[in-house]
Amino acid sequence: MKTYAGIPEENASLENSKVVLVTVPYDGTSTWGKGADKGPELFLDASENMELYDIETATEPYLEGVYLAGEVSESSTPEAMTEAVYQKTKELLATDKLFTLFGGEHSVSIGSIRAVGEKFENLTVLQLDAHTDLRPEFHGSTSNHACAVFEANQKHNLVQVGIRSMDVEETEYLPEGRVFFAHEIANNDNWVNDVLEKVSGNVYITIDLDAFDPSIAPSTGTPEPGGLQWYPTLELLRKVFEKCNVVAFDIVELMDSAYAKPTAFLAAKLYYKMLAYYHINRD
């Protein structure tokens, strides 16, 4: 039996786990760097090679249990993938455990956010990303990676952090007062608290790994210069978990490449850190 991070089977059963993890190895609409379909495999491999004691919180999050809930393999069309992720998310939300997802390209988040939004009222979607992903449709599909949070923006309180690339078309869809551009973050020592003021209630966190600067996360589909750094990002996430009720999160856009291992390990540590923050605020 393969378990998340190679943890003991008693910590990996559905019954004993407070967290469920689904993978979506989908890369059907990405337009430049290809290989995000290998992201979940790279993430799980890196997770097996990290230490399971978190120094910052002095905890071992795996002891609370992580259940590997399988993968969504539907890839016939972007719309079919979105529906499959939506249905899988609904199924796992019924377990009343923390729902987590690892992609795949960012379009995989459309279905999971849709399902989470149906269960939880007053939802804030906190998006860490280099790109706005606010196109209504792209290349003939509303389930394209460039449309990843368009629906979320229509239905929920969308807060975007780390943005530094967008099309002029998307300017009309920007959530007013809730976009934190990377060039503004770079000159604002109080940006974490500014973001926190916009985030409240039930929260879904979606993290595109290209939110990080490519100096620390080079293996993404579209690595953009000027991105977020490790410790300030962890500070933001820790405070979000302290302030709000995080009900789900995903991490996407880890790409297979010659430089995959450093980014895969960052993704593995990021996921585990988020588990640590989740558990210490629920005990």
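Starting from 1, each residue takes its place in the sequence as its number.
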Using a distance-only test with no angle check, is there a side-chain donor-acceptor pair under 3.5 angstrom linking [X] and [Y]?
| X | Y | result |
| --- | --- | --- |
| T82 | S143 | yes |
| E74 | S76 | yes |
| S141 | E79 | yes |
| E83 | Q87 | yes |
| Y271 | T100 | yes |
| E71 | S73 | no |

Salt bridge check: are [X] and [Y] linked by an N-O gap of less than 4.0 Å?
| X | Y | result |
| --- | --- | --- |
| K2 | E48 | yes |
| R164 | D210 | no |
| R238 | E235 | no |

Member of D167, V179, V149 meeting the side-chain contact (heavy atoms from CB on, under 4.5 Å) criterion with L134: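 Considering D167, V179, V149, a side-chain contact (heavy atoms from CB on, under 4.5 Å) with L134 is found only for V149.
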Single-linkage hydrophobic cluster [X]~[Y], side-chain heavy atoms < 4.5 angstrom:
| X | Y | result |
| --- | --- | --- |
| I55 | Y278 | no |
| L254 | I251 | yes |
| F249 | I110 | no |
| L101 | L14 | yes |
| F150 | Y86 | no |

Spacing of [X] atom [atom1] and [Y] atom [atom2] [to the nearest 0.5 Å]:
| X | Y | atom1 | atom2 | value |
| --- | --- | --- | --- | --- |
| Y204 | D250 | OH | CG | 3.5 Å |
| H131 | M166 | NE2 | CE | 11.5 Å |
| F181 | I163 | CZ | CD1 | 7.5 Å |
| W191 | L196 | CH2 | CG | 9.0 Å |
| R178 | Q160 | CZ | CD | 9.0 Å |
| L209 | E253 | CG | CD | 8.0 Å |

Donor-acceptor check, side chain of [X] to backbone of [Y], threshold 3.5 angstrom: yes or no?
| X | Y | result |
| --- | --- | --- |
| E137 | C147 | no |
| N153 | Y173 | yes |
| D54 | K273 | no |
| N16 | E10 | yes |
| D213 | G226 | yes |
| K243 | V199 | yes |
| S165 | A130 | no |

Heavy-atom distance under 4.5 Å between the side chains of [X] and [Y], does that happen here?
| X | Y | answer |
| --- | --- | --- |
| V22 | V20 | no |
| M81 | S75 | no |
| M274 | V246 | no |
| P223 | M255 | no |
| V252 | S109 | yes |
| V192 | K239 | yes |
| E64 | T59 | no |
| K155 | L123 | no |

Distance-minimising heavy-atom pair for [X] and [Y]:
| X | Y | result |
| --- | --- | --- |
| K119 | L93 | NZ-O, 2.6 Å |
| V116 | A248 | CG2-CB, 3.9 Å |
| Y272 | E51 | CE2-O, 4.2 Å |
| A5 | S47 | CB-O, 3.5 Å |
| T263 | S219 | OG1-N, 2.9 Å |
| S17 | A12 | OG-C, 3.8 Å |

Between K18 and L98, is the side chain to side chain contact (heavy atoms under 4.5 Å, CB included) condition met? List the steps. CA-CA 6 Å; K18 294 182 179 178; L98 176 67; over 6 Å; no
Using the ring of each side chain (for Trp, its six-membered ring), is Y277 parallel, tilted or perpendicular to F241, with breaks at 30° and 60°?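 Tilted, since the angle between the ring planes falls between 30° and 60°.
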So F212 and W230, would you call those rings parallel, tilted or perpendicular, with 30° and 60° as cut-offs?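 The rings of F212 and W230 sit tilted, inter-plane angle from 30° to 60°.
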Please determine whether the number of non-hydrogen atoms from other residues, nucleotides or ligands lying under 6.0 Å from atom OH of Y259 exceeds 12.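 For Y259, atom OH is not crowded (no more than 12 foreign heavy atoms under 6.0 Å).
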Report, as yes or no, whether the 6.0 Å neighbourhood of atom CG on D189 holds more than 12 heavy atoms from other residues, nucleotides or ligands.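 At most 12 heavy atoms, drawn from other residues, nucleotides or ligands, come within 6.0 Å of this atom.
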T89 and R114: side chain to side chain contact (heavy atoms under 4.5 Å, CB included), yes or no, with the steps? CA-CA 9 Å; T89 305; R114 183 180 299 166; over 6 Å; no
Hey, mind stepping through I113 and H156 against side chain to side chain contact (heavy atoms under 4.5 Å, CB included) and telling me if it holds? CA-CA 10 Å; I113 294 174; H156 310 297; 4.3 Å; yes
V24 and K88: CA distance, side-chain angles, deciding distance, side chain to side chain contact (heavy atoms under 4.5 Å, CB included) verdict: CA-CA 10 Å; V24 189; K88 183 67 170 180; over 6 Å; no
